[in-house]
Amino acid sequence: MNTSDYVKIPKSFYEKEDVVKIARELLGKYIFTQIDGKLTGGMIVETEAYNGRMDRACHAYHKRTNRTEIMYQPGGVAYVYLCYGIHHLFNIVTNKSDFADAVLVRAIEPSLGIETMHERYGNHQHKVSNGPGKLSKALGITTRLNGSDLAGDKIFIAQHKSQKRPKIAASTRIGVDYAGEDALLPWRFYIENNKWVSKQRTPVI
DNA sequence: TCTAAGATGGGT
DNA sequence: CCCATCTTAGAA
C-alpha cells in the first residue's frame with residue numbers, strides 16, 4: 001500500500017457527541033495495526049453504537065467501574081475487552097470526557113497483510129474478519145491495547161484519499177437481547193452487499 | 001474469595 | 001438450532 005493515500009482520523013472526529021452518527025461515518029474507513037512487526041488492516045464494513053447514558057446494552061450504562069473507565073475518557077482511544085473468556089472485542093471510544101460512548105467494530109474487509117491475518121486466525125476454512133472476535137484475532141488486537149490512542153503507531157484508523165460514500169444499511173444490534181427495549185434500537189450499521197459483513201443472527205426488524 | 005454471565009463462533 | 005467456552009468483573 002501507499003501510506004500517503006491514507007490520512008489518520010483526527011481526535012476531533014471522535015469527540016463529537018452523537019455516537020450513532022459516528023458509527024455510520026466509520027463505515028468505509030480503515031483500521032490498521034502494527035503488531036509484532038506486522039502491518040495488517042482493512043476497511044470497516046460493520047459497526048454498532050453504544051450510548052452510556054440511555055442504552056442498557058452499553059457496559060457503561062449507569063456504572064463507572066474499572067472495566068468501563070476507559071469509555072469515560074475523551075474519544076479517540078480503544079476499548080478492548082474479553083468476551084466469553086476468549087474473544088477480544090474492539091471498540092472505538094467516542095464523545096467528550098465523562099460521556100461514556102463507544103462504537104463496536106464488528107467486521108472489516110481485509111486489504112493489507114492478508115497472509116499474516118490468515119496465519120493469526122489459523123482456520124483456513126473460514127473468513128478471518130467477518131465478526132468482532134475474528135477481526136481482533138486477525139489484526140492481533142488484545143486487551144493489551146485497551147486505552148491505546150487510535151492515531152498512534154500500534155493501531156490507527158485512517159481514511160483513504162478517494163473514499164467514496166458507502167451505501168449504508170441498518171438493523172438492531174447483535175446479541176444484546178438482555179437490554180430489553182433498547183435491544184430494538186437500530187444501531188447496527190453495515191455496508192450494503194459487502195461480503196465481509198458478519199453473518200446475520202436472529203433477524204430482528 | 002466466589003460466582004454468574006457474557007456486544008461469539010463454529011458446527012449440525 | 002445448539003452449545004462449548006473460561007476469564008474476570010463485580011459483589012460480598
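A donor-acceptor pair under 3.5 Å is formed between the side chain of A:N194 and the backbone N or O of A:W196. Distance alone, capped at 3.5 Å, is enough to place a donor-acceptor pair between the A:S129 side chain and the A:I108 backbone. Between the A:K127 side chain and the A:K195 main chain, a donor and an acceptor come within less than 3.5 Å of each other. A donor-acceptor distance shorter than 3.5 angstrom exists from the side chain of A:T68 to the backbone of A:T65, with no hydrogens or angles considered.
Under a hydrophobic clustering in which Ile, Leu, Val, Met, Phe, Trp and Tyr are joined whenever their side-chain heavy atoms come within less than 4.5 Å, directly or via other members, A:I86 and A:L89 fall into different clusters.
Contact check on A:R188 versus A:E46 returns a salt bridge, with a Lys/Arg side-chain nitrogen under 4.0 Å from an Asp/Glu carboxylate oxygen. Salt-bridge check for A:R173 with A:D182: failed, with every basic side-chain N at 4.0 Å or more from each acidic carboxylate O.
When rounded to the nearest whole Å, the span between CG of A:D101 and C1' of B:dA7 equals 15 Å. We find that CG of A:N130 is positioned 13 Å from P of B:dT8, with the value rounded to whole Å. Between the CG atom of A:D177 and the P atom of B:dT8 there is a distance of 10 Å, given to the nearest Å. The distance between atom CG of A:L185 and atom P of B:dA7, rounded to the nearest whole Å, is 16 Å. Rounded to a whole Å, the OH atom of A:Y84 is 6 Å from the C1' atom of B:dT8.
Evaluation of atom-type donor-acceptor distances gives no pair under 3.5 Å for the side chain of A:H87 against the base of B:dA7.
Here the nucleotide nearest the side chain of A:T65, chosen from C:dA9, B:dA7, B:dG6, is C:dA9.
Within 4.0 Å of A:L82, counting heavy atoms only, lie sugar-phosphate atoms of the nucleic acid but no base atom. As judged by a 4.0 angstrom heavy-atom cut-off over every strand, A:H126 is placed among residues touching the sugar-phosphate backbone only.
Look at the C1' atom in both C:dA11 and B:dA7: the space between them is 22 Å, to the nearest Å.
For B:dA7, the base is stacked against the aromatic ring of A:Y50, per a cut-off of 5.5 Å between centres and 30° between planes.
Between A:R188 and B:dA7 there is no side-chain N or O to OP1 or OP2 distance below 4.0 Å. The side chain of A:Y81 contributes an N or O atom lying less than 4.0 Å from OP1 or OP2 of B:dA7.
Each of A:I86 and A:T143 has a nearest nucleotide on DNA chain C; the 5'-most of these lies closest to A:I86.
Consecutive Watson-Crick or G-U pairs involving DNA chain C, each under 3.5 Å on both distances, make up stems of three or more pairs at B:1-6 with C:6-11, B:8-11 with C:1-4.
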